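Let me begin by handing over the structure; questions about it come next.
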Amino acid sequence: MNDASEGPPTLLLVEDSDTQALRIRRMLEGHGFAVTRVASGEAALDTLDTRIPDLVVADYHLPGMNGGQMARQLRMSAATRMIPVLMLTEGGEPGLEREGLESGADAYVPKSAEPDLIVFRIRALLREGAGTGGGQRADASPLFRRARILIVGGEGARAGVVAGLAALMRNDGHDVTVIGSPGAMVRDDWFDPACAPDCVVVDLVSDRFDGIAFCQALDDLRQDVVVAGGGAPRILGLSGPGAARGFFPARAFEAGVDDIVADDIEPDVLALRIRALVRRKLLQDDVRRIELDRQAREIAVEAARAEAAAIASKASLAEALEQANAELADANRRLIETQGKLVQTAKMASLGELVAGIAHEINNPLAFILAHKDTVARLLARVIAEDEMAGDADGERHATLMKCRDRVGSMSLGLRRIQNLVLNLRKFSRLDEGLFQVIDVPEALETVLALLTQKFGNLIVVERDYRAPERLYCQSALLNQVMMNIISNAADAIHSMLDEAGQGGDATGPARGVIRIVTELRVSPATGEQCYVFIVTDNGPGIPAEVKERIFEPFFTTKPVGAGTGLGLAIAYSVVQAHHGTITIADAVQGAGGAKGGRGSVFTISVPWQPHFEAMAEPVRSVTEMPA
């Protein structure tokens, strides 16, 4: 703390609010304090690098480093650990005062307190910190301080001997105080590190007091100082000539004296004896100070570790909560996807049953018509043959019969097409599509293409390159739904591109769209196992990059409203996953089959190939052949 001759006490005010800082600063300067204000704890630490204040007044709620953290930083430095810290806060928040005091603050006052109370608290802290050297340690002296020696016995006949000893000690650089009798000694000074003596020299043969009894009292007092945490001073007995032997020294040592010297020894020897006592005392003080510093550092390290562990624990809990939220969101997303797939699956099952029923109902009258058509054809042929044999081949009746025969032939072609359509519908709508079985791949693909013939029209050509084995152990849905959805989407994309170019209405010109279907065996680079691969390439407009990431999301579609449900590729993705396979999409290098047009897309479906299953069973046909 500064003396009055050095100017007013210096205070460092740490307050981020300009309004509060102006009010507090005016109040403190009005009571005679020199105030320096900063707005953050970091700025306060930077200020302490250049000047140590007598006291720090800090708001607990600071931006960035709060007041408690700043106080903890002050206590970690030897140069600033003794600076008194007064903590201010907005009000009586529970637990805040304890946290502030544990961090190293010396006092805690609400901002709403009376100004006089704040001033009185500051002055009390300045009194408590008086003599600490502006932030230096109160429990340790400077590294090269002068030893404090107290000589008791400077009155009476021995005054000259005591005076000579004091002069000798002063010449040796010690801070010497002489009192004539024990009554002049201040007992409380022994408990004050700033003025406690390091060595007490007692005149054991003084004619004014009992030196032995006084040494006994000093030893008792010294024990109290040790218990209180202070440094115990040394006691040196000064005896008359030749009194350093015999019963008298034994009594003195028993009373607590650390060493006895005669006053007639050489001055240099006396100085060495006293210097040795003082050196041991100062060394013990340094050891004690170092040990206290070590303990303080250990406590600070443990506190920092505990704080770091608490922060890590909070971070771990926050991370676990974030992970739980992410898992919950992912589970909710999968639930929504599953619900959509279940709805679509139910629709597909219902549609399959409906198509199968319709196909069955059509099949019966169709077989009846085909059977009677053949009968009509045979009867017409017989009548025409009879007319020709009768020579009536040029009459009107013969011409009518010939026309009827031609119409029956045309009817036969149409009925056969209906028969093939019913057959394909029955193949596509199988109810056991969830079962794994050996499938004839070319036949299944041709069934899909037959169902899509009307969508292709004359504008799209389908190229086939079946390189892989014909048999594949899989679900029927892999070929019925997945390939149907992908090929149908490719046809829709090509038609959309041609319509935008104004070429969609010309059904008589050459084909402008190409869809290429390839099957082959590949070796998976990840597992090293063989995979059955389906590649569907088109020369349509392609898929934009921003859409590719969402192309397999349920209910996501780029088609106009009412033209698509957004579930086709999502179901395809799920079916491929059920086969432990992969489905990817990429841009074609050029139009499929070399045709010019859009950049095109390439869908690649890869599923594990299991030849041992394919060899164990005959390929399952979708339906048996329909009777004529």
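The shown structure was predicted, so the numbers you read here are calculated from the model rather than taken from an experiment. As a basis for the values below, the full set of heavy atoms in this structure was taken, side chains included, without hydrogen atoms, waters or symmetry mates.
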### Task
Applying side-chain contact (heavy atoms from CB on, under 4.5 Å) between Thr537 and each of Val518, Thr604, Val602, report the one that passes.
Val602
### Task
Could you give me the CA-CA distance, side-chain angles and deciding distance for Ile487 and Leu449, then say whether side chain to side chain contact (heavy atoms under 4.5 Å, CB included) is met?
CA-CA 8 Å; Ile487 296 172; Leu449 295 175; 4.1 Å; yes
#### Entry: Check: Ala309 main-chain N/O paired with Ser313 side-chain donor or acceptor under 3.5 Å
no
### Task
Output, in order, the C-alpha distance, side-chain angles, deciding distance and verdict of side chain to side chain contact (heavy atoms under 4.5 Å, CB included) for Val523 and Glu529.
CA-CA 5 Å; Val523 177; Glu529 298 178 351; over 6 Å; no
### Message
Heavy-atom count check: over 12 atoms from other residues, nucleotides or ligands less than 6.0 Å from Gln295 CD?
### Response
yes
### Query
Going by heavy atoms in the side chains, are Tyr573 and Val482 under 4.5 Å from each other?
no
### Query
Taking only residues two or more places apart in sequence, or in another chain, which ones meet Arg464 in a salt bridge (charged side-chain N to carboxylate O under 4.0 Å, His left out)?
Glu446
### Message
Between Asp46 and Val38, does the side chain to side chain contact (heavy atoms under 4.5 Å, CB included) criterion hold? Intermediate values first, please.
### Response
CA-CA 10 Å; Asp46 294 339; Val38 293; over 6 Å; no
### Query
Any sub-3.5 Å donor-acceptor pair from Asn332's side-chain atoms to Leu328's backbone N or O?
no
### Message
Could you check whether any side-chain N or O of Tyr532 sits under 3.5 Å from a backbone N or O of Pro469, counting only pairs where one atom can act as donor and the other as acceptor?
### Response
yes
### Query
Can we say Arg471 and Asp440 salt-bridge, meaning some charged N sits less than 4.0 Å from an Asp/Glu carboxylate O?
no
### Task
Please report the shortest heavy-atom distance between Val514 and Asn539, naming the atom on each side.
N-OD1, 3.0 Å
### Message
Taking atom CD as the centre, does Glu42 end up with more than 12 heavy-atom neighbours from other residues, nucleotides or ligands that are less than 6.0 angstrom away?
### Response
yes
### Message
Counting neighbours of CD on Glu322 that are heavy atoms of other residues, nucleotides or ligands and sit closer than 6.0 Å, is the number greater than 12?
### Response
no
### Donor-acceptor pair, side chain of His495 and main chain of Gly513, under 3.5 angstrom
no
### Query
Which atom pair, heavy atoms only, marks the closest approach of Gly41 to Leu62?
N-CD1, 4.0 Å
### Query
Quick one: salt bridge (charged side-chain N to carboxylate O under 4.0 Å, His left out) partners of Arg305, sequence neighbours excluded?
Glu302
### Query
Side chain of Thr453, backbone of Ala450: donor and acceptor closer than 3.5 Å?
yes
### Query
Taking the side chain from His579 and the backbone from Gln475, do they hold a donor-acceptor pair closer than 3.5 Å?
yes
### Arg467 side chain reached by Leu521 side chain, heavy atoms, under 4.5 Å
no
### Task
Evaluate whether atom CZ of Arg294 has more than 12 neighbouring non-hydrogen atoms of other residues, nucleotides or ligands under 6.0 angstrom away.
yes
### Message
Apply side chain to side chain contact (heavy atoms under 4.5 Å, CB included) to residues Ile517 and Glu463 and explain how you reach the verdict.
### Response
CA-CA 6 Å; Ile517 303 174; Glu463 298 180 353; over 6 Å; no
